Amino acid sequence: MKKRLIALLMVMLVVFCAAACGGNEGNTGIEAQSINVYNWGEYIDQSVLDDFTAETGIKVNYTTYASNEEMYSKIVSGAASYDVIIPSEYMISKMISENLLAELNFDNIPNYKYIGEEYRGLSYDPDEKYSVPYTWGTVVIVYNTKYVDEEDVEDESIDLLWNEKYAGNILMFDNPRDAFALAHIKLGHSMNTTNPDHWYEAAEELKKQKPIVQAYVMDQIFDKMLNEEAYIAAYYAGDAMTMIEENEDLAAYVPREGANKFFDSMCVLKSSKNKEAAEKFINFMCETDIAKRNAEAVWYAIPHTAAYEALEPEQRDDPLVYPDKEILDKCEVFINLNEETLVLQSELWINLKTQY
């Protein structure tokens, strides 16, 4: 009897494995019960990945990048295969134009209903086909109150990033779009200008600043600011809040001259072999309790209406996370620049980084 039972169990196991691993073809099935998710660093509550696997049986292979440009280069090079990515608006627009993103099947994403109307149909995905909003926010200037004089921050100006008093203790973005945006703001240009003269002028501003910059960084900012290895940096609001929570001497503000307002959204690559599983992941991230937990972990503003209402007032009403209209009216959203401008931006950036 025991041998017969063991044999029966073995048959059932084989049938189960065949069902789990086979029978799914093309881009609509769940292949091998796993997905590859590619996201910004420090940008998710890691525990929700385990919860997703526990609920669905789908394993998440999770890796991170430091900038939109790094993510894009990795994908177009074919060096790795991903299913879900979370780019910013201008990169989403670029990837749509290059036919890199899959149209989503929103029947698999019913929790899309929780995304607020003001976050739908935006310029980078006007027909709501390719993306589901994840978070939004602004660029801010973070500074250490122990070392930065109050008189230098009372006007909340972008000029702090060019203040020679703090030479060797200033950090700048290590990606061209964000770095040039700060120079454009300082000069009174649009961050989306396509005027070559404006780009040359911005490059000169960055060259003037370079001697006082300690380093161009992305995720390295956390260690440097938290360990007081640098005193001033430009970065994203949610990450600034995370740093402020860990070091009470840190503070931040949105520059009075304006800043980049960004939207990051969840997308599925057209090359994905696990599209249905990827859409299940996106839907899971839009469950109210999951979206709330994730927002509490990353401290970014969220487009999820029910999760936003469920947040503690301390977070929901924080002016750095959810700036008032007067500040947001001075902010600008990146658009996908034309090819000529992108080439010029790249050339100027390489020149800046390689000059002594």
Side-chain angles (χ1 to χ4, degrees), residues 37-40 43 65-76 82-106 109 111-139 173 175-181 184-185 189-194 236-238 258-272 275 278-279 281-283 285-286 291 298 300-305 323 328-342 345-346:
V37 177
Y38 201 25
N39 193 8
W40 296 78
Y43 209 28
Y65 52 86
S67 71
N68 285 290
E69 289 71 23
E70 178 187 330
M71 176 273 300
Y72 173 80
S73 296
K74 188 81 168 287
I75 287 169
V76 297
Y82 301 103
D83 300 295
V84 178
I85 58 172
I86 307 180
S88 302
E89 67 296 307
Y90 72 95
M91 187 56 70
I92 292 172
S93 179
K94 178 178 176 66
M95 296 180 82
I96 290 172
S97 71
E98 296 178 6
N99 201 31
L100 293 172
L101 300 182
E103 289 193 23
L104 299 175
N105 179 359
F106 283 89
I109 314 173
N111 288 327
Y112 186 68
K113 65 185 178 182
Y114 293 117
I115 302 299
E117 289 297 327
E118 65 268 41
Y119 306 106
R120 298 187 182 198
L122 299 181
S123 60
Y124 60 93
D125 187 9
D127 297 321
E128 301 177 56
K129 291 182 178 180
Y130 301 94
S131 62
V132 173
Y134 180 66
T135 64
W136 65 274
T138 64
V139 165
F173 282 112
N175 77 72
R177 194 69 196 268
D178 282 318
F180 271 101
H184 284 311
I185 293 168
H189 302 159
S190 165
M191 293 182 292
N192 296 311
T193 181
T194 56
Y236 312 114
N260 169 224
K261 178 183 178 183
F262 56 84
F263 297 92
D264 293 338
S265 297
M266 296 176 283
C267 305
V268 177
L269 285 168
K270 198 161 191 178
S271 59
S272 170
K275 184 169 182 285
E279 290 166 343
F281 177 80
I282 292 173
N283 188 62
M285 294 303 296
C286 291
V298 302
Y300 277 90
I302 53 173
H304 192 294
T305 54
L328 291 177
D329 284 347
K330 296 179 181 179
C331 295
E332 193 174 5
V333 178
F334 286 153
I335 64 171
N336 182 29
L337 299 170
N338 61 45
E339 189 62 28
E340 293 79 8
T341 304
L342 289 173
Q345 174 187 258
S346 179

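Being a predicted model, the structure only gives us computed values, none of them experimental. Heavy atoms only: backbone and side chains are in, while hydrogens, waters and symmetry mates are out.
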- Note on the structure: Here the pair of heavy atoms bringing Cys286 nearest to Met266 is SG-CE, 3.9 Å

- Item | Closest non-hydrogen atom pair, Pro126 against Ser123 | CD-O, 3.4 Å

- Starting at CG of Asp264, measure out to CD1 of Ile92 and round the result to the nearest 0.5 Å. 7.5 Å

- Message: Using the side chain to side chain contact (heavy atoms under 4.5 Å, CB included) criterion, which residues pair with Ile109? Sequence neighbours excluded.
- Response: Leu104, Phe106, Tyr112, Val132, Glu279, Ile282, Asn283

- Under the side-chain hydrogen bond (donor to acceptor under 3.5 Å, both in side chains) rule, what do Ser88 and Tyr124 come out as? Steps first, then yes or no, please. CA-CA 9 Å; Ser88 302; Tyr124 60 93; over 6 Å; no

- Item | Cys267 and Ile86, any side-chain heavy atoms less than 4.5 Å apart | no

- Query: What do the steps show when you test Ile335 against Ser93 for side-chain contact (heavy atoms from CB on, under 4.5 Å), and what is the final call?
  - Reply: CA-CA 8 Å; Ile335 64 171; Ser93 179; over 6 Å; no

- Query: Between the main-chain N or O of Asn192 and the side-chain N or O of His184, is there a donor-acceptor pair closer than 3.5 Å?
  - Reply: no

- Message: If I take atom OG from residue Ser131 and atom CD1 from residue Ile115, how far apart are they, to the nearest 0.5 angstrom?
- Response: 10.0 Å

- Of all heavy-atom pairs between Lys275 and Asn105, which one has the smallest distance, and what is that distance? NZ-N, 3.6 Å

- Mutual orientation of the aromatic rings belonging to Trp40 and Tyr43 [parallel < 30°, tilted 30-60°, perpendicular > 60°]: perpendicular

- State, yes or no, whether a side-chain contact exists between Asp83 and Tyr38 at a heavy-atom distance under 4.5 Å. no

- Task: Measure across Val268 and Ala278 and return the closest heavy-atom pair with its distance rounded to 0.1 Å.
- Result: CG2-CB, 3.8 Å

- Who are the salt bridge (charged side-chain N to carboxylate O under 4.0 Å, His left out) partners of Glu98, not counting sequence neighbours? Lys94

- Quick one: side chain to side chain contact (heavy atoms under 4.5 Å, CB included) partners of Asn338, sequence neighbours excluded? Thr194, Glu340, Thr341

- What heavy-atom pair brings Pro87 and Asn68 nearest, and what distance separates the two atoms? CA-OD1, 3.6 Å

- Rounded to the nearest 0.5 Å, the CD atom of Glu89 sits from the CG atom of Asn336 at a distance of 10.0 Å

- Note on the structure: Those residues at least two apart in sequence (or on a different chain) that pass side chain to side chain contact (heavy atoms under 4.5 Å, CB included) with Ile185 are Ile158, Met191, Glu257

- Query: Considering only heavy atoms from C-beta outward, does the side chain of Tyr72 approach that of Tyr65 to under 4.5 Å?
  - Reply: no

- Item | Contacts of Tyr90 that satisfy ring pair (Phe, Tyr, Trp, His ring centres under 6.0 Å) - sequence neighbours left out | Phe334

- Note on the structure: In terms of heavy-atom contacts, Val333 and Phe263 come closest through CG2-CE1, 3.8 Å

- Separation between SG of Cys331 and CG of Asn260, rounded to the nearest 0.5 Å: 8.0 Å

- Message: Ignoring hydrogens and geometry beyond distance, is a side-chain donor-acceptor pair present between Tyr119 and Trp136 at under 3.5 Å?
- Response: yes

- Quick check: does any side chain N or O of Thr305 sit under 3.5 Å from a backbone N or O of Tyr114, one acting as donor and the other as acceptor? yes

- The reported gap from CG in Asp125 to CD1 in Ile96 (rounded to nearest 0.5 angstrom) is 4.5 Å

- Query: Can a donor-acceptor pair be found between the side chains of Ser67 and Asn175 at a distance below 3.5 Å?
  - Reply: no

- Note on the structure: Separation between CG (Leu101) and OH (Tyr130), nearest 0.5 Å, reads 8.0 Å

- Query: Does some side-chain heavy atom of Phe281 sit less than 4.5 Å from a side-chain heavy atom of Val37?
  - Reply: yes

- Message: Suppose the criterion is salt bridge (Lys or Arg N to Asp or Glu O under 4.0 Å): which pairs have a residue in residues 328-338, not counting sequence neighbours?
- Response: Lys325-Asp329

